S.K.: 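Got a structure for you, written out below as structure tokens; questions coming shortly.
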Amino acid sequence: MLVVNQVSKQFHDKKKGAIDALKSVSFEVNQGEIFGLLGPNGAGKTTLLRIMATIMQPTAGTIQVNGYDVATQAAGVRRSIGFLSGNTRLYKKLTPVETLRFFGSFYDIPKNVLEERIEAILTSLDMHEFKDRIVEKLSTGQVQKTSIARCMIHDPAVYILDEPTLGLDILTSRTIIDFIKQEKAAGKTIIFSTHYMEEADSLCDRIALIHQGAIVQAGSLEELKAATGKTNIRDIFLWYIDGGAGDSHAL
Amino acid sequence: MPFKPSGPISFPKIKQIFNKEMRSLFRDKKALLTMFLPVLIYPVIMVFFSGFMMLVQSGLEQQVSRVAVAPSVSAGLVDRLIEDDRIEVVPHPREPETALLEKNLEVVVEARQEGAEEVLLLHYHSPTGASERGMNRVRRQVNAYREDLVAAGLADAALAENILTVVTIEDVELSEAGESGSRIMATVLGMVVPFLIMLYAIIGTYTLSADVSAGEKERETLETLFSLPVTRTEIVVGKLMACVAVGMISGLINLLAIFPLLYGIAYQVPDLTISLSPVLLVFLALMLVPVMILTSTLFTGLGLLAHTYQEAQSYGSVLLIVLMLPCYLLLIPDIELTLLTLFIPITNTLLVMREAFLGSYAPGWIAGTLAINLGAASLGIAVVNRWFQSDRVMFGGDGK
């Protein structure tokens with residue numbers, strides 16, 4: 001479903017010069033799995049997910065999402081994905097219904113189908129109470145639901161979620177987690193980044209550990225536990241960072 | 001590596017972006033007040049303030065000037081001053097200068113004899129409007145008094161009055177009576193009105209451009225937009241269209257607010273040679289469009305360099321001053337459309353608008369102006385579009 005092959009990304013800073021945000025990153029995500037990208041702040045998670053979502057271009061390497069290349073077939077990628085991050089805000093002066101219509105209109109969904117889908121999403125996420133109130137006047141939880149709805153409107157095959165629970169309280173975070181589980185059950189592929197180890201532990205089928213722009217190790221939780229002798233992701237991550245493995249390769 | 005624009009442009013998607021920008025704007029009461037209230041209020045203030053000033057001026061003209069006359073002044077002049085309805089002759093004070101400075105009177109008239117000649121000393125305080133007016137009134141009476149004395153002197157010497165007239169001047173005015181005044185008024189209006197329309201139209205584009213570029217970046221909705229199946233070119237065009245629309249609305253609201261004043265002037269000034277009609281409105285709107293596109297691209301481009309809305313506004317305010325310069329060229333006396341001014345966007349449009357106000361539509365100049373401005377606007381769109389394809393658009397000009 002998703003193939004990342006030797007992807008690098010370099011930024012140029014006037015003072016610091018060239019900055020390698022990603023260094024030859026490679027991994028694959030299978031259809032229907034939840035794949036976690038774990039790492040500290042500045043590891044390169046957001047950069048990688050932005051490239052997957054075609055918001056940025058890689059300096060080198062390729063990424064295929066649902067059979068489309070991010071560099072040459074960006075439109076196909078965007079139709080296949082739902083992208084959500086801590087930075088993907090909503091338009092404050094639109095209502096949830098208007099938001100869904102606005103975003104839905106870009107996916108070539110027939111109007112009647114779009115309206116049916118909007119209605120179904122409003123019901124499934126219990127949004128009827130606030131659907132006609134502008135986003136500016138919604139609570140954090142209501143905004144989060146609207147963001148999720150926005151992501152789902154076109155029924156994407158792949159979800160790319162960048163630290164979706166960052167800064168949220170426990171109840172609002174649960175909405176996100178329930179959404180992830182629900183979409184997995186529906187056969188969707190989900191890639192999400194986090195630095196909350198417990199989240200990755202409870203949700204992910206496979207995990208990639210990323211540090212300073214490179215994949216340190218990738219595999220299922222069981223594989224990583226067996227390889228390191230550690231019992232939780234935090235210790236596993238620190239074991240690798242402290243030089244527990246030489247090469248970065250998938251188990 | 002920048003994104004390459006791919007595939008044909010989808011106008012429905014551009015329309016969606018445009019609709020979203022306009023909806024967000026019209027639901028933002030603060031933005032609406034900031035953008036449109038000054039445009040509406042300013043002409044109203046101008047009309048009432050002008051009327052108020054005229055009223056005050058008229059009132060001041062009715063005021064009587066207190067003129068102190070020294071005993072040394074000849075009786076003939078004193079009689080003339082007394083006969084003037086707008087002059088009140090008062091006793092000469094002990095300290096005339098103090099009385100003038102304390103505004104207890106407006107003018108002091110004294111006289112001394114130098115041989116056969118009477119020298120009149122007219123004391124007044126020019127910074128004080130009332131004293132200046134009083135001085136003018138006294139001077140008129142003094143001039144009339146002098147003419148009487150001259151006439152009497154010539155009569156005593158049995159000389160004809162025309163002996164003093166060596167050369168006579170007669171003005172031969174080609175225009176009909178009142179026409180020159182109408183023409184002058186029309187010329188002034190033809191400069192001021194397009195200038196105001198253009199000024200407020202440019203300010204309209206300036207205000208929204210910062211919001212659709214740096215503002216969207218600051219609100220973190222740009223990333224959401226980029227993840228959609230819409231090309232960056234379509235996003236740019238939709239946003240620029242919104243800026244152009246706001247500029248047009250701002251300029252036309254200003255024009256509509258001024259129109260009652262223009263009709264009032266046209267009613268009061270006979271044969272006023274300005275052309276006020278729906279055709280003029282449509283023509284002005286048509287000429288504004290390319291300029292609005294150009295200014296939108298300039299302000300939006302600057303906004304893309306900024307990290308925040310406030311920073312974008314700061315950059316934009318400098319550009320606004322620069323864009324005022326071609327506007328002020330219109331105020332140069334006798335400036336005309338020439339090959340030189342044709343190539344200055346904004347100035348060329350203002351000159352064409354001025355001629356339209358005076359009822360003159362020259363197809364060659366209009367076509368040339370549109371071509372130059374559309375060319376400049378196209379270049380602006382290309383540059384902004386190119387910049388928008390880059391990763392740096394999400395981070396501001398220095399890529400941080």
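Since this is a predicted model, take the numbers as computed values, not measurements. In the text below, chain A, chain B and the rest are named by the order of the sequence lines, each starting its count at 1.
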S.K.: Rounded to the nearest 0.5 Å, what separates atom OG in S227(B) from atom CE in M52(A)?
M.R.: 14.5 Å
S.K.: Would you please test L225(B) and Y91(A) for side-chain contact (heavy atoms from CB on, under 4.5 Å) and show each step?
M.R.: CA-CA 10 Å; L225(B) 207 50; Y91(A) 294 104; 3.5 Å; yes
S.K.: Side chain from CB out, backbone as N, CA, C, O: work out which of these in I134(A) comes under 4.5 Å of a heavy atom of chain B, or both, or neither.
M.R.: side chain
S.K.: Thinking salt bridges, do R89(A) and E223(B) make one under a 4.0 Å N-O criterion?
M.R.: no
S.K.: If you check every heavy atom in residues 15-26 of chain B against those of chain A, which residues fall under 4.5 Å?
M.R.: Q16(B), I17(B), K20(B), R23(B), S24(B)
S.K.: Near Q6(A) CD, under 6.0 Å, is it more than 12 heavy atoms from other residues, nucleotides or ligands?
M.R.: yes
S.K.: Starting from the C-alpha separation in whole Å, work towards a yes-or-no answer on salt bridge (Lys or Arg N to Asp or Glu O under 4.0 Å) for R27(B) and E98(A).
M.R.: CA-CA 13 Å; R27(B) 285 182 183 173; E98(A) 287 167 344; 2.6 Å; yes
S.K.: Taking all non-hydrogen atoms of both residues into account, name the closest pair between V230(B) and R78(A) and its distance.
M.R.: O-NH1, 3.1 Å
S.K.: Please classify the contact between E216(B) and chain A as side chain, backbone, both or neither, with a heavy-atom cut-off of under 4.5 Å.
M.R.: side chain
S.K.: Hey, could you give me the OG/NZ distance between S105(A) and K13(B), rounded to the nearest 0.5 Å?
M.R.: 8.5 Å
S.K.: If you take all heavy atoms of P229(B) and A75(A), which pair is closest and at what distance?
M.R.: CB-O, 4.3 Å
S.K.: Less than 4.5 Å apart, any side-chain heavy atom of T221(B) and any of K92(A)?
M.R.: no
S.K.: Would you say CD of E28(A) has more than 12 non-hydrogen atoms from neighbouring residues, nucleotides or ligands within 6.0 angstrom?
M.R.: no
S.K.: Does atom CD of Q31(A) have more than 12 heavy-atom neighbours from other groups under 6.0 Å away?
M.R.: no
S.K.: Any non-hydrogen side-chain atom of F103(A) less than 4.5 Å from a side-chain atom of L228(B)?
M.R.: yes
S.K.: Tell me whether the count of non-hydrogen atoms from other residues, nucleotides or ligands lying under 6.0 Å of CZ in F130(A) goes above 12.
M.R.: yes
